Protein chains: 2
Amino acid sequence: MKAYALLGGPKINWPQKMITQLKAAHNAGNFFVGVDRGSLLLDEAGIVPDLAIGDFDSLKKQELTSIESQVADVRYSSPIKDLTDSELMLRAVFEDYHVNRLIVLGATGGRLDHELVNLFTFAQPGNKKWAAKTEIWDRQNLLRFYLPGKHQINKIATYPYFGIANLTPCQNLNIAGAQYELRHFSAGYPQVFASNEFKHDTNEFELSFDKGVVAVIFSKDLDRYQNIR
Amino acid sequence: MKAYALLGGPKINWPQKMITQLKAAHNAGNFFVGVDRGSLLLDEAGIVPDLAIGDFDSLKKQELTSIESQVADVRYSSPIKDLTDSELMLRAVFEDYHVNRLIVLGATGGRLDHELVNLFTFAQPGNKKWAAKTEIWDRQNLLRFYLPGKHQINKIATYPYFGIANLTPCQNLNIAGAQYELRHFSAGYPQVFASNEFKHDTNEFELSFDKGVVAVIFSKDLDRYQNIR
């Protein structure tokens, strides 16, 4: 089962035509989660999520009542807590609902403390087991997460660039067969190798490393008009 | 001397009324740097930067000609390089122009590989010496960077929240006197403590740690109307 989770990040950062795509995915029977304000945003788009998680502090009483009356599984988090709402969501979708792939939306833009919590979720040892099953999508980026080993990374149409970021200290990180190669890189802190590209004659490269958690950030530019919005 | 650097991030992420503020700062004699497309964006706003740095690949020929004819110091970077454009900029402003405070704008939004390079600049050992002199500003966030020691953090008007992020492994990180306290936290990977607040009866808290590089992310929400844009 595939799941889609919508967090409360600003709409300007949503992938283009996201609601249309989500409605099709919902009609096809995929699992939907709203995290905090994301529950309301799904509801407003006509998609009743299967699960809603959050402290719902930013919702008006009638908005929360609407969620509670429609959503089958509503879980309340405490603002003073060990796990973030996103972590509670990961645990619920993977452990209680046994989904095998998760697309996270609304995770970027707006407040950077929130965004960085989301982007660095898999740096946390307790979350690593879900890294390979989760993607983050926004308007210009698609992120995948990797654990140590050798990985063939395939080009995704419409994303001409990619960046490699070790979210944790890493050992023996290699990028082979891409425009800019990297060999035997180790660091005790995160580093981002931005603006790499696939070679003209191939749609794949090899990423390998011995230790750490690494994100591949597939990205695209917007045209000037879109950029100005 | 104080400096303002504009990078090429999307305008939607600029602080509100940024151009008005930058014009006033320019008229007051502060130093201005454009990084890559940021040079053009300053020029378009009627602010000729003192320094322009980048590979300028994304500029049309006449745009680059306009920069070259007006800007006193234009420095060309190579797309295949050890230092990013932002790092070249830091080196230039602090070492060549001896500024003592730098505000970085246009560093967030858009492509996340670019944004993370900017946010994690001071995780790099070679850049740490400039951490305490640099701030990153965007529409909803103001970031300051700290090295080991004991720091009094003062509230900034209009930013009700703050998050603490160790950008590198850290030792004995403490947050004392804030809404949510943290004691003797150590980790071998970045972690973000989001959505903290100042206590009602004080406008300061104490941040201390023995090892690592830590960002304080001051943040604010937008109202619903702005959020929907």
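Below, each value reflects all heavy atoms present in this structure, side chains not excepted, and no hydrogens, waters or symmetry copies. Bear in mind that the values here come from a model prediction, so they are computed numbers and not experimental data.
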Which members of residues 113-137 of chain A, sorted by number, sit under 4.5 angstrom from chain B on a heavy-atom basis?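 Under the 4.5 Å heavy-atom cut-off, A:D113, A:H114, A:E115, A:L116, A:V117, A:L119, A:F120, A:A123, A:Q124, A:P125 qualify.
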
State whether the number of non-hydrogen atoms from other residues, nucleotides or ligands found under 6.0 Å of A:Q152 atom CD is greater than 12.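 Enclosed: over 12 neighbouring heavy atoms sit under 6.0 Å from CD of A:Q152.
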
Kindly check if the number of other-residue, nucleotide or ligand heavy atoms within 6.0 Å of CZ (B:R91) is above 12?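 Atom CZ in B:R91 is not crowded, with 12 or fewer foreign heavy atoms closer than 6.0 Å.
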
Applying a heavy-atom distance below 4.5 Å, give me the residues of residues 182-195 of chain B that approach chain A, sorted by number.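 B:G188, B:Y189, B:P190, B:Q191, B:V192, B:A194, B:S195, listed by number.
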
About how many Å separate CD1 of B:I217 and CG of A:L112, when rounded to the nearest 0.5 Å?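 One finds 6.0 Å between CG of A:L112 and CD1 of B:I217.
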
Chain A contact via B:D138 - which portion, at a heavy-atom distance below 4.5 Å: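 For B:D138, the contact with chain A is made by the side chain alone.
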
Where does B:I164 contact chain A at under 4.5 Å (heavy atoms): side chain, backbone, both or neither?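 Neither part.
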
For chain B, the option from A:G109, A:G163, A:A215, A:S219 that forms the most heavy-atom pairs under 4.5 Å: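 Answer, by heavy-atom pair count under 4.5 Å with chain B: A:S219.
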
Determine the minimum heavy-atom distance between B:D221 and A:R111, stating which atoms define it.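 Looking at all heavy atoms of both residues, the shortest contact is OD1-CD, 3.3 Å.
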
With a 4.5 angstrom heavy-atom cut-off, is it the side chain or the backbone of A:F162 that approaches chain B, or both, or neither?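 The answer is the backbone of A:F162.
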
